[in-house]
Amino acid sequence: SMLPIPEGADVICRYAADWSEIKPGTLCIVILKGEQDFVFKKVTPDPAGGILRLESLNPVYAPYEVPLDEVLEIWTYYSYQSRELPTSGHEVQHIAVTVNEILKQIRSMQPEKDR
């Protein structure tokens with residue numbers, strides 16, 4: 001099972017230039033076209049099938065697939081840094097909040113892309 005990331009932690013991600021090199025089940029931020037914007041999921045690419053298989057950290061949610069042409073960017077999870085010790089009280093929802101903040105910072109550093 002995935003360790004919950006403490007609230008307020010810094011999530012460190014690496015830009016994945018070559019999606020085919022992503023190993024099955026790699027934890028990633030996937031930036032999607034359209035309203036959903038981005039997701040933080042375990043990713044298994046299937047270039048031959050033209051899809052990404054996305055699996056939630058929360059086992060309540062079933063895995064699903066998105067077409068590769070819906071994907072703008074993939075950032076692979078590397079590590080996180082925190083001043084807090086993780087406790088069982090932290091839940092997966094905190095990850096989404098933290099990732100949202102990190103993504104805002106990433107976006108503010110990037111030139112606007114044509115969408």
Nearest atoms (heavy-atom pairs only) where Trp75 meets Cys13 = CB-CB, 3.9 Å
Residue pair Val66 / Val30, side-chain heavy-atom distance below 4.5 Å | no
Between Ile29 and Phe38, which heavy-atom pair has the shortest distance, and what is it?
-> CG2-CD1, 3.9 Å
Can you name the residues that form a side chain to side chain donor-acceptor pair (under 3.5 Å) with Asp69, not counting sequence neighbours?
-> none
Only counting residues at least two apart or in another chain, list the ones meeting side chain to side chain contact (heavy atoms under 4.5 Å, CB included) with Thr76.
-> Arg14, Ala16, Ile22, Thr26, Cys28
CD1 of Ile31 to CD of Glu73, rounded to nearest 0.5 Å, is 4.5 Å
Side chain to side chain contact (heavy atoms under 4.5 Å, CB included) partners for Ile51, two or more places apart | Asp46, Glu65
Decide yes or no for Val43 and Leu27: does some side-chain heavy atom of the first lie under 4.5 Å from some side-chain heavy atom of the second?
-> no
Can you measure from CG (Leu52) to CG (Leu32) and round to the nearest 0.5 angstrom?
-> 8.0 Å
Nearest heavy-atom pair of Lys41 and Ser56: which atoms, and what distance?
-> NZ-CB, 3.6 Å
